[in-house]
Amino acid sequence: MEQKIYLDGKFVTRNEAKVSVFDHGLLYGDGVFEGIRAYGGKVFKLREHVERLYKSAKAIMLEIPMDGAKMEEIVLNTLIENGIEDGYVRVVVTRGEGDLGLDPRKCPRASVIVIADKIALYGDELTRNGIEVITVASQRSLPIVLDPRIKSLNYLNNIMAKIEAANAGVTEALMVTREGFVAECSGENIFIVTKGVFVTPPAFLGILEGITRNVVMELARAGGSEAREEIFTRYDVYNADECFVTGTAAEIVPVLKVDGRTIGSGKPGSATLSLVKKFRKLTAGEGTPIILRVSKSASRR
Ligand code: PXG
């Protein structure tokens, strides 16, 4: 089946899915995005992802040319159009076409792109083997510069962090604040588990408030554990019993080594593994069913 991409009200082929070279998303990284997962014919936390998209857009004064309900519909229809029941959806909203100046008022209409794709399932292998992480020099931007809670099209800091990790031959990059507080990884949030207590940095520290992160906190608490948002340093990571990262694409991945220090036993810990089990049960069980909703915006070609 040929891939169909939603682009400004139409489904087009991959080859036809092109934006203007005057699009401010391209020229200036002026836009926002979301990454969403579908499991077994259901979209996980669709409402939460769409809400975060609109919050990101509001923060950069970008008007998305449809409401949240319509956006949810478009995500579902894109999955249907591509016959995908298990996959990844990327929603991108750019400022749209303007001129070569910065002024967003020259961009009359935001562009909406929705791509549904299959996802490489390396879940079990990652859960079994875990990953190694190093601290990198690249930082998330300060909230006064560009608030990392905005999932914007400006991901260069994170990409540079990823490059630093790759240059060091490890999978992920740990980003810290300029004070040395642990922030997050290049595309995942981080948790440590010490004496059974789950700790993750608070969102106001300057991180993306991950949806998987929030689900993990809920799951930990529902299982009777304590889960806290707290500022901590790399010292706490090195001396934690367990460490793992969370994200829509990565799900929950054990971290077994940080900056050359073995974390805990050096194997995925029991708290992490029990959480992975609960997370899988949840993603298999709940979500918005991928069924056709009445849609006027998504006309076929
Ligand atoms: N922190 C950052 C900086 C992110 O970009 C997360 C945490 C996890 O958030 P969610 O809501 O997904 O639990 C992200 C996720 C990828 C990829 O391919 C991931 C993200 C963005 C782009 C690519 O892994 N964002």
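Order of listing sets the numbers, starting from 1, for every ligand and every atom in it. Values below: all heavy atoms of this structure, side chains included; hydrogens, waters and symmetry mates excluded. Sequential numbering from 1 along the given sequence is applied to the chain's residues.
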Checklist entry - Does the pair Glu81 and Thr78 meet the rule for a side chain to side chain donor-acceptor pair (under 3.5 Å), with working shown? => result CA-CA 5 Å; Glu81 195 74 21; Thr78 307; over 6 Å; no
For atom [atom1] of [X], decide whether the heavy atoms of other residues, nucleotides or ligands shown that lie under 6.0 angstrom number more than 12.
| X | atom1 | value |
| --- | --- | --- |
| Glu63 | CD | no |
| Arg261 | CZ | yes |
| Lys278 | NZ | yes |

Next on the checklist: According to salt bridge (charged side-chain N to carboxylate O under 4.0 Å, His left out), who are the partners of Asp259, at least two apart in sequence or on a separate chain?
Outcome noted: Arg234
Item to check | Aromatic ring pairing Phe198/Phe191, orientation class (parallel under 30°, perpendicular over 60°, tilted between) | outcome: perpendicular
Checklist entry - In order of chain and number, which residues sit within 4.0 Å of ligand 1 by heavy atom? => result Phe33, Arg52, Arg90, Arg140, Lys151, Tyr155, Asn158, Glu184, Ser186, Gly187, Glu188, Asn189, Leu208, Gly210, Ile211, Thr212, Thr246, Gly247, Thr248, Ala249
